[in-house]
There are 2 protein chains.
Amino acid sequence: MYFSIGDFSKLTGLSIDTLRYYEKENLIRPERNKHNQRQYTEKDKTWIDFILRLKETAMPLREIQNYAKLRYAGDQTMKERLDMLHMHRESVLEKKKQLENNLKHLDQKIEIYEKANRSK
Amino acid sequence: MYFSIGDFSKLTGLSIDTLRYYEKENLIRPERNKHNQRQYTEKDKTWIDFILRLKETAMPLREIQNYAKLRYAGDQTMKERLDMLHMHRESVLEKKKQLENNLKHLDQKIEIYEKANRSK
DNA sequence: GTAAGGGCTGGAGTATACTCCATGTCAAAT
DNA sequence: ATTTGACATGGAGTATACTCCAGCCCTTAC
């Protein structure tokens, strides 16, 4: 039902220190047991996975922080969060285009190098 | 024929400080004029553009440094550079797959949010 | 001839995102 | 009863990639 920080660390692949850091930065707010120890839930796992997706798509922690704040504020912030997601989607598409462009140039460069190499 | 650091900064979009930093890190080695001022060439522009592509595809400066070292060492390092480019290509493809996967999940999330929003 | 506008260097400072450490609590095992 | 192991906190330290600054040198414009 609940994960200790150690177990949750293994589950998410994030270090214990990172989990505590994320909490300090208000990205995640796990419950505490009677000994003041963090108790993470399945829902926290889903949430962390989403955070990691945002990170992987190069969203800075600050922005994830804003999103988290809205999320923890409840359902009435849904519209605002949706706006953020739409904007982020655009930036991811942009990133994808850039990546494809870079890949194209990289392939060309490799091609040129290989030709030069063969003719030696 | 030659660009001063100020002009080269405008040309590349990199700040003067960044250009000097890249030189300190041996990424680029512009010539100097009789007053010890940097003189960048068209070739340097091509090279910087390539560096920026590597950066955009998330290659750390350290690795770009290694590549630069080989490049400045001359033609006999071509094979080694080619190997680096091949490996980097794989990592870019990997990044692209990851990005596409994240995009898919993002779209799903947006879809769910919009449904929830409409039904309110 | 002096002031402004570049450029130079070495070194300190900054932002981001962690990562490590000292010190302390608590519960279970020996 | 004490050691072990997992957890807690506050705060310092680290890596990466810049960014800024003080103090100095030249050249050109007024």
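Residue numbers start from 1 in every chain, and the chains themselves are labelled A, B, ... in the order their sequence lines are given, proteins ahead of strands. Quick caveat, the model's predicted, so the values are computed rather than measured.
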Closest contact, heavy atoms only, Leu27(A) versus Trp47(A):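 That would be O-NE1, 2.8 Å.
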
Which nucleotide in dC20(C), dC21(D), dC8(C) has an atom nearest any side-chain atom of Asp17(A):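 Side chain of Asp17(A) sits closest to dC20(C).
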
Within residues 18-25 of chain B: residues closer than 4.0 Å to DNA chain D (heavy atoms):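 Contacts with DNA chain D under 4.0 Å: Thr18(B), Tyr21(B), Tyr22(B).
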
Residues from residues 33-45 of chain A lying under 4.0 Å of DNA chain D - heavy atoms: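 Going residue by residue through residues 33-45 of chain A, the ones with a heavy atom under 4.0 Å of DNA chain D turn out to be Asn36(A), Gln37(A), Arg38(A).
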
CG on Leu103(B) to CD on Gln108(B), rounded to 0.5 Å: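 These two atoms lie 10.5 Å from each other.
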
salt_bridge([X], [Y]) N-O dist < 4.0 Å:
{"X": "Glu31(B)", "Y": "Arg38(B)", "answer": "no"}
{"X": "Asp49(B)", "Y": "Arg53(B)", "answer": "no"}
{"X": "Lys96(A)", "Y": "Glu100(B)", "answer": "yes"}

Arg32(A) atom CZ, over 12 foreign heavy atoms within 6.0 Å: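 Counting neighbours around CZ of Arg32(A), more than 12 heavy atoms of other residues, nucleotides or ligands fall under 6.0 Å, so yes.
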
Aromatic ring pairing Tyr40(A)/Phe8(A), orientation class (parallel under 30°, perpendicular over 60°, tilted between):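 Ring orientation, 0 to 90° scale: parallel.
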
Stepwise side chain to side chain contact (heavy atoms under 4.5 Å, CB included) test for Thr57(A) and Leu106(B): CA-CA 10 Å; Thr57(A) 47; Leu106(B) 187 59; over 6 Å; no

Toward the 5' end of DNA chain C, by each residue's nearest nucleotide, Lys55(A) or Arg32(B):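 The answer here is Arg32(B).
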
